Amino acid sequence: MRIIRSILAPVDFSEPSRSALDFALQLARRFDASLTILHVYEAPSGTDEHERVGQAARDAVEGLRTELSRADVLVQAVAAVGSPADQILDWARAHGFDLIVMGTHGRRGLGHLVLGSVAEHVVRSAPCPVVTLRG
Ligand SMILES: Nc1ncnc2c1ncn2[C@@H]1O[C@H](COP(=O)(O)OP(=O)(O)OP(=O)(O)O)[C@@H](O)[C@H]1O
Ligand SMILES: [Mg+2]
């Protein structure tokens with residue numbers, strides 16, 4: 001029985017999320033699971049700006065996918081707009097991921113908190129196990 005068939009790795013392009021992604025890739029290889037990289041960007045106000053920011057987010061996450069792609073692991077990349085924690089949870093529920101792998105901290109990296117706000121929200125409400133890694 002394969003316990004873990006699909007892994008969701010949310011990334012904000014910070015160093016901790018990047019090391020979590022490397023760990024997620026090793027797990028995917030070990031479990032013969034697929035890996036989905038999810039970056040959530042926040043919607044800017046103007047339509048033009050929205051298009052530009054959305055394209056930049058898609059390019060960035062696609063760049064990571066290209067960098068990580070190996071013949072032995074199926075890697076997908078997604079850019080979603082909205083609140084990071086809500087989007088991560090929506091994706092995990094809607095697509096039935098078996099595991100989420102993420103950093104304890106991200107870009108803002110407030111050292112005095114055990115978990116950043118996105119990590120805390122996801123750990124509290126995720127429908128599946130969550131692995132968190134310090135950078
Ligand atoms: N916009 C995002 N898109 C996808 N994943 C994210 C996003 N923001 C954070 N994450 C994931 O959550 C992990 C923890 O980041 P989090 O935002 O909770 O910490 P922080 O930035 O240090 O704190 P805070 O944002 O509360 O100031 C990251 O390593 C990454 O895996
Ligand atoms: Mg953050």
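Whatever order the structure lists them in is the order used to number ligands and atoms, beginning at 1. Since the structure is predicted, the reported quantities are computational estimates derived from the model, not experimental observations. This chain uses plain numbering: 1 for the first residue, then up along the sequence.
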Show which side-chain atoms of residues 89-101 pair as donor or acceptor with protein atoms under 3.5 Å away, not counting sequence neighbours.
| unit_1 | atom_1 | unit_2 | atom_2 | d |
| --- | --- | --- | --- | --- |
| Asp98 | OD2 | Arg5 | N | 2.8 |
| Asp98 | OD2 | Ser6 | N | 3.0 |
| Asp98 | OD2 | Ser6 | OG | 3.4 |

### Query
Is there side-chain contact between His50 and Tyr41, with heavy atoms separated by less than 4.5 Å?
yes
### Task
Indicate whether the side chain of Gln55 and that of Asp59 have a donor and an acceptor atom separated by less than 3.5 Å.
yes
Show me the donor-acceptor pairs within less than 3.5 Å that the side chains of residues 125-135 make with the rest of the protein, sequence neighbours left out.
none

### Task
Show your reasoning for whether side-chain hydrogen bond (donor to acceptor under 3.5 Å, both in side chains) applies to Ser19 and Glu15.
CA-CA 6 Å; Ser19 5; Glu15 193 278 324; 3.3 Å; yes
Return all side-chain donor-acceptor pairs below 3.5 angstrom for residues 73-83, not counting sequence neighbours, or 'none' if the list is empty.
| unit_1 | atom_1 | unit_2 | atom_2 | d |
| --- | --- | --- | --- | --- |
| Gln76 | NE2 | Thr36 | OG1 | 3.4 |
| Ser83 | OG | Asp86 | N | 3.4 |
| Ser83 | OG | Asp86 | OD2 | 3.4 |

### Task
Could you name the protein residues that come within less than 4.0 Å of ligand 1, counting only heavy atoms, and order them by chain and residue number?
Pro10, Val11, Asp12, Ser17, Leu38, His39, Val40, Pro84, Ile88, Met102, Gly103, Thr104, His105, Gly106, Arg107, Arg108, Gly109, Leu110, Gly116, Ser117, Val118, Ala119
